[in-house]
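The structure appears below as structure tokens.
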Amino acid sequence: MRHDRSPGGAVPSVRLPGRRSFARVLAAGAGLTVLAACTPEAPAAMAPSSAFPSSPSGGASTPAPESTTAGPATEVAAPAAPSPTPSPSAALPRQFSLTDPASPWLVVNKHRPLVPADYVPADLVPPAVAMTASGEAALLNSTTAAAAEAMFAAAGRDGVAMVLASGYRSYGTQVGTYNNYVAARGQADADTASARPGYSEHQTGWAFDVADGGGACSFQPCFADQPAAVWAKANGHRFGFVVRYPWMFHPITGYYYEPWHLRYIGVEAATDMVARGIFTLEEYFGVEAAPGYL
């Protein structure tokens, strides 16, 4: 699902399998399960894909040769360090923080916890959309809520029923969710299925899970072929949303494909990501891959 890379390094584009290929994999009984930051049921763990090299360069850098001459030697200037490659997002006229939980460009993953860990958005509101969520899970921050309302309405005009299945999740709720996984499966397996407290996008109010109006394939890989998922993937950027955990990029994001998990980053950034063919926030904002916790 991704290439490992050093901080700020570029990752080459890859061609992803289409939905038909994905469906054939499922039909063949490949046993694909979802490493979910969202789902209430813990899926079985899956070994990381070996389809991608651990480094985009394919090998380690060559060390400088050691001097074998005794005594003083002429001082030679060390080669200049290569300039860091600017992140694609640097081209946008407006820039936002990657660490402030109140920023739409916040990157939270298994290497980048929320600070503070118990962050609570100051502007949580219930969006005026169809939903199966209740309580705190029916809330989003006000910016995400407004964008979700516009997106759900546009989907409806296209004949696609979209439902909010899970929104905000507090630190305390995540503590209980994660601890339940640990008690049932042990910490190693829990870390493949549930975000640790303080590491969940749901806690920020910038992310939510969608379901199809008919409830088909909720929180399952087959949701990728449901109308709500197909429409959101093709049109979400028009409203500032991206699919946060895309197909075949789990070594970058730390989670397997979640076609239901949408993340708001703003229309400019989301549209630019699509135009550039970039699939993960880690690549777009130039931060290191986070396949596992540090």
Side-chain angles (χ1 to χ4, degrees), residues 2 5-13 37 82-116 119-125 127-129 139-155 164 167-168 198-210 231-246 249 252-254 258 261-290:
R2 76 89 211 303
R5 68 167 182 202
S6 59
V11 177
S13 299
S83 299
T85 303
S87 69
S89 64
L92 294 186
R94 293 188 298 171
Q95 298 290 302
F96 299 92
S97 171
L98 303 183
T99 58
D100 181 356
S103 165
W105 285 13
L106 169 74
V107 181
V108 54
N109 59 29
K110 292 179 178 180
H111 288 187
R112 299 169 64 91
L114 291 171
V115 179
Y119 170 75
V120 179
D123 57 344
L124 290 171
V125 296
V129 299
L139 304 175
L140 301 170
N141 71 38
S142 60
T143 301
T144 306
E149 289 171 359
M151 182 176 70
F152 279 49
L164 175 66
Y168 171 69
Y199 289 81
S200 174
E201 279 201 334
H202 282 271
Q203 190 180 327
T204 69
W206 294 115
F208 61 87
D209 302 328
V210 296
W231 192 96
K233 182 178 179 181
N235 296 281
H237 65 280
R238 295 164 44 203
F239 307 91
F241 294 101
V242 295
V243 177
R244 175 65 175 98
Y245 306 117
F249 282 90
I252 288 178
T253 66
E258 293 188 6
H261 183 101
L262 304 182
R263 165 64 195 275
Y264 183 84
I265 59 172
V267 174
E268 270 189 316
T271 301
D272 192 44
M273 278 185 66
V274 170
R276 293 172 179 269
I278 297 173
F279 297 93
T280 71
L281 299 194
E282 285 79 7
E283 293 170 287
Y284 184 65
F285 292 122
V287 302
E288 68 179 356

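Residue numbers run from 1 in the order of the sequence given. Because only heavy atoms are used, hydrogens play no part in the values below, and waters and symmetry mates are left out as well, while side chains stay in. The model shown is predicted, which means the values in this text are computed figures rather than measured ones.
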For [X], all residues meeting side-chain hydrogen bond (donor to acceptor under 3.5 Å, both in side chains), sequence neighbours excluded:
X	answer
Asn141	Thr144
Ser103	none
Ser89	Ser87
Asp100	none

List for me each residue that meets ring pair (Phe, Tyr, Trp, His ring centres under 6.0 Å) alongside Trp231, sequence neighbours excluded, and say none if there are none.
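Ring pair (Phe, Tyr, Trp, His ring centres under 6.0 Å) list for Trp231, sorted by chain: empty.
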How would you list all residue pairs meeting salt bridge (charged side-chain N to carboxylate O under 4.0 Å, His left out) that involve residues 234-245, not counting sequence neighbours?
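For residues 234-245: Glu201-Arg244, Arg244-Glu282.
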Which pairs count as salt bridge (charged side-chain N to carboxylate O under 4.0 Å, His left out) when at least one residue sits in residues 140-154, sequence neighbours excluded?
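Non-adjacent pairs meeting salt bridge (charged side-chain N to carboxylate O under 4.0 Å, His left out): zero.
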How about [X] and [Y]: do any of their side-chain heavy atoms sit closer than 4.5 Å?
X	Y	answer
Pro101	Val108	no
Leu106	Arg263	yes
Pro104	Thr143	no

When rounded to the nearest 0.5 angstrom, what is the spacing between [atom1] in [X] and [atom2] in [Y]?
X	Y	atom1	atom2	answer
Tyr168	Thr204	OH	OG1	9.5 Å
His202	Leu139	NE2	CG	13.5 Å
Arg276	Thr271	CZ	OG1	12.0 Å
Ile265	Trp206	CD1	CH2	11.0 Å

Closer than 3.5 angstrom, by distance alone: can the side chain of His261 be matched with the main-chain N or O of Asp209 as a donor-acceptor pair?
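The answer is no, because no donor-acceptor pair under 3.5 Å joins these two groups.
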Might you point out which heavy atoms bring [X] and [Y] nearest each other, and give the distance in Å?
X	Y	result
Leu262	Phe241	CB-CD2, 4.3 Å
Ala207	Leu140	O-CD2, 3.8 Å
Phe279	Met273	C-CE, 3.8 Å
Val125	Ser142	CG2-CA, 3.8 Å
Asp272	Tyr284	OD2-OH, 2.6 Å

Under the side chain to side chain contact (heavy atoms under 4.5 Å, CB included) test, residues paired with [X] that sit two or more places apart:
X	answer
Val115	none
His111	Asn109, Glu288, Ala290, Pro291, Leu294
Ala150	Phe239
Leu164	Pro127, Val129, Met131, Phe152, Phe208

For Ser200 and Gln203, does a side-chain donor sit closer than 3.5 Å to a side-chain acceptor?
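No, no side-chain donor-acceptor pair sits under 3.5 Å.
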